[in-house]
Amino acid sequence: MSEEKEKGLNFIEQIIEKDLSEGLHEGRILTRFPPEPNGYLHIGHAKAICVNFETAKKYGGKTNLRFDDTNPEKEDTKYVDAIKADIKWLGFEWNGEERYTSDYFDTLFDYALKLVKEGKAYVDEQSAEIISEQKGTHTEEGKNSPFRDRPIEENVTRFEEMRDGKHPEGSMVLRAKVDMSSPNMHLRDPFIYRIKHETHHRSGDKWCIYPMYDFAHGQSDSIEGITHSFCSLEFEVHRPLYNWLIEELEIFPSKQREFARLNLNYTIMSKRKLLRLVEDNVVDGWDDPRMPTISGLRRRGYTSDSIRNFCTKVGIARRENVIDVALLEFSVKEHLNKITPRVMCVLDPIKVIITNYPEGETEDLTLINNPEDEDAGSRIVPFSKEIYIERNDFMIDAPKKFFRLKPEGFVRLKGAYIIQADSHLTDENGEVTEIHCTYFPDSKSGEDTSGIKCKGVVHWVSTHHAVDVEVRQYDRLFSDESPDGDKEKDFMEFLNPESLTILENCKAEPHLKSAEPGDKFQFQRLGYFCVDTKYTTSDKLVFNRTVTLRDSWAKMQKK
RNA sequence: UGUCCCAUGGUGUAAUGGUAACACCCCAGUUUUUGGUACUGGUAUUCAAGGUUCGAGUCCUUGUGGGACAACCA
């Protein structure tokens, strides 16, 4: 916090500071996060959450959590719980208990009735098709409905009948009487109440009419005394209606402001499309580690700190943007580098026999846990005659710049000795099966007097002490930068067939035996990994690769 | 064809009429018992044309480009 740079305010902060300087609402700041409980939260919501919670906090205000539940068809309580858990996990605390738009159904009905009684709303009994036709187009004005000027008493009666369940779905609708000739389609007598004979997840069967978004959101903001209502750009065209209703209803004047939603390359953010991935079993549920959902990122090993930092780096503005996923990845690496203990795990093991090391002997080596954090201490790693190293750390015809093990070459075993490759065995396919090496007793890590210079350092695990673990390597779910950007092709065509690789024969140092689900580590030289919370059992550890380390060797090879 | 919004390095975001900067990415190097981290340096930017002004990324006009908008969804 103290290192906070003197960067200018974002436009939302500018608005707030201006309001504050003008004494708006006596300096009270109240924002809200209004999810619809019809799906899981994703990284895009995380940005919205940060915008609302962090700006309110910055100015001494609070944030309400309000479930926008006006469409009983799609909403469910199970999503409510998941959403609450995700917000808490992200580290935010909402103002008091969570709220629900459905809690305001009585008030909302009264508001609507007030409009009806003042001749500002009417019941339209035409079909959806007819109404749609009358609505006009962008270039063509709309036409008034024949029901537009029916008597107020008749409107009151009909509206009450709607409420009382006397009419079937789709037979009639309550409309605000605004302006059918407005260039803004949302002002052409928008629907504000519709009939839905549907059981609501909270109000049950009490209601069979439900307010539309435009007649629920702004009013709920107002009821709660929200001072600043931040939403995404797509709602900009709704703002005139938002304001019109507040004025006509003469209720608390909340103000709506819009900002650009988060877009990530190689990622899909649409709830509908995410749902398809889940339903088509392309992924393993909403919390699949490849999903951009909060729960997916959490299972993948992301920390809430890193997600919040990412949201800060991304900024807030009003222009469309596509953030590079590399920035998200950088954000986790930045955090994980500071907090994770280093540990050795061989993903693709190949056996190394140290011919001059005494048979049956084990040596306890002390390795530091985290060079970035002195308090992290150290641990014991057993060393012996037989070890595993990474298959790709040995190369027969190695280029000059290959600093790892090659015939006749030297390499340092991390935290242990320098070894030299003498010979190797291969199978019928030419695959190396075993490497024979000699070690230099006077080259022990920390007390090396051998004078041998070797640039390469390699991680290893003693075969007899190794823990068998499964490692799941994840890559981006889509191979195209904007999977939903093609009008011709379905986003499913861009799925990356290699987004998941399961390695079942990995060897980890014994220290890992006590790892618990959710624990995070840096597998030295490889990346950051966490113990999977779903598939790990008492006798099988499953690790998820959160993100790889930067690999300059791989980069060099590409050239 | 209409209305509204937006336009700053490759990607994002600042600069509030006064020296265009920060982060990520990319490149080169230093350090290193992680080809990690850290550090140093580098490439690269105001959509265009007019106007206002001593001075414009910022204000005005026009153009160009991108986005949004016609669900009994939110």
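Residue numbering restarts at 1 for every chain, and letters A, B, ... go by the order of the sequence lines.
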If we take the [atom1] atom in both [N] and [M], what is their distance in whole Å?
| N | M | atom1 | result |
| --- | --- | --- | --- |
| B/A49 | B/G10 | C1' | 27 Å |
| B/G51 | B/A56 | C1' | 11 Å |
| B/A14 | B/G57 | C1' | 12 Å |
| B/G17 | B/G36 | C1' | 47 Å |
| B/U37 | B/U30 | C1' | 14 Å |
| B/C72 | B/A68 | C1' | 23 Å |
| B/C6 | B/U46 | C1' | 15 Å |
| B/G63 | B/C54 | P | 28 Å |

Out of [options], which has the shortest distance to the side chain of [X]?
| X | options | answer |
| --- | --- | --- |
| A/V322 | B/C73, B/G12, B/U34 | B/G12 |
| A/T137 | B/A70, B/C72, B/C73 | B/A70 |
| A/K414 | B/A14, B/A70, B/U33 | B/U33 |
| A/F330 | B/C25, B/U16, B/C73 | B/C25 |
| A/Q14 | B/G2, B/U37, B/A15 | B/A15 |
| A/E36 | B/U16, B/C69, B/A74 | B/A74 |
| A/E320 | B/G67, B/C69, B/G35 | B/G67 |
| A/K74 | B/A74, B/U34, B/C73 | B/C73 |

Query raised in the report: Taking atom types as modelled, is there a side-chain donor on A/S443 or A/D448 under 3.5 Å from an acceptor on the other?
Result: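 No pair is found: no donor N or O on one side chain lies under 3.5 Å from an acceptor on the other.
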
Report task. Check the side chains of A/H238 and A/D214 for a donor-acceptor pair under 3.5 angstrom, ignoring hydrogens and angles. Result ->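 A pair is found: one side chain offers a donor N or O, the other an acceptor, under 3.5 Å apart.
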
Just N and O in the side chain of [X]: are any of them under 4.0 Å from OP1 or OP2 of [N]?
| X | N | value |
| --- | --- | --- |
| A/S552 | B/G36 | yes |
| A/R318 | B/C4 | no |
| A/R239 | B/C5 | no |
| A/K196 | B/C73 | yes |
| A/S331 | B/C24 | no |
| A/R319 | B/U13 | yes |
| A/K18 | B/U16 | no |
| A/R550 | B/U37 | yes |

Could you tell me the separation between the [atom1] atom of [X] and the [atom2] atom of [N], rounded to a whole number of Å?
| X | N | atom1 | atom2 | value |
| --- | --- | --- | --- | --- |
| A/N243 | B/C4 | CG | C1' | 14 Å |
| A/R261 | B/G12 | CZ | P | 16 Å |
| A/L187 | B/C69 | CG | C1' | 12 Å |
| A/D214 | B/C72 | CG | P | 12 Å |
| A/I368 | B/U34 | CD1 | P | 11 Å |
| A/R342 | B/U34 | CZ | P | 11 Å |
| A/I83 | B/A74 | CD1 | C1' | 12 Å |
| A/D179 | B/U3 | CG | P | 15 Å |

Requested in this report: Begin with the C-alpha distance, continue with both residues' side-chain angles, and end with the deciding distance and a verdict on side-chain hydrogen bond (donor to acceptor under 3.5 Å, both in side chains) for A/D124 and A/Q126.
Outcome: CA-CA 6 Å; A/D124 197 329; A/Q126 301 179 100; 3.2 Å; yes

Heavy atoms under 4.0 Å, any strand shown: does [X] hit a base, just sugar-phosphate, or nothing?
| X | answer |
| --- | --- |
| A/F402 | base |
| A/S182 | nothing |
| A/L9 | base |
| A/N265 | nothing |
| A/A128 | base |

Query - Ring centroid separation A/Y417 to A/Y439 under 6.0 Å - result: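 Aromatic pair counts; centres sit under 6.0 Å.
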
Query raised in the report: Where each residue is assigned the nucleotide of RNA chain B containing its nearest heavy atom, which of A/L233 and A/E236 is assigned the position nearer the 5′ end?
Result: A/E236

Report summary line: Comparing A/A260 with A/N71, nearest RNA chain B nucleotide closer to 5' gives the residue A/A260

Tell me whether the side-chain N or O atoms of [X] pair up with the base of [N] as donor and acceptor below 3.5 Å, since no angle test is needed here.
| X | N | result |
| --- | --- | --- |
| A/E140 | B/U1 | no |
| A/E372 | B/G36 | yes |
| A/H238 | B/A74 | yes |
| A/R412 | B/U33 | yes |
| A/R404 | B/G35 | yes |

Partner of [N] by Watson-Crick or G-U wobble geometry, both contacts under 3.5 Å, or none?
| N | result |
| --- | --- |
| B/C47 | B/G63 |
| B/U3 | B/A68 |
| B/U13 | B/A21 |
| B/G36 | none |
| B/G41 | B/C27 |
| B/G55 | none |

Report summary line: Heavy atoms of A/E509 and A/V461 approach each other most closely as N-CG2, 3.8 Å

Query raised in the report: Which pair of non-hydrogen atoms, one from A/R32 and one from A/S229, has the smallest distance, and what is that distance?
Result: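 Reported closest heavy-atom pair: NH1-OG, 3.0 Å.
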
**Report entry** Stacking of A/Y213 on B/A74 base (centres under 5.5 Å, planes under 30°)
**Finding:**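 No, A/Y213 does not stack on the base of B/A74.
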
Query raised in the report: A/H138 stacking on B/C69: centroids under 5.5 Å, ring planes under 30°?
Result: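 Yes, A/H138 stacks on the base of B/C69.
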
**Report entry** Check: A/I368 main-chain N/O paired with A/S378 side-chain donor or acceptor under 3.5 Å
**Finding:**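 Side chain of A/S378 to backbone of A/I368: no pair is present.
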
**Report entry** Neighbour count above 12 (heavy atom, 6.0 Å) for A/E22 CD
**Finding:**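 Yes - once you tally the heavy atoms of other residues, nucleotides and ligands closer than 6.0 Å, there are more than 12.
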
Requested in this report: Enter the distance from A/N369:CG to A/F521:CZ here, rounded to the nearest 0.5 Å.
Outcome: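 Output value for this atom pair is 9.5 Å.
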
Report task. With rounding to the nearest 0.5 Å, note down the distance linking OG1 in A/T55 to CD in A/E13. Result ->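 CD of A/E13 is found 7.0 Å from OG1 of A/T55.
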
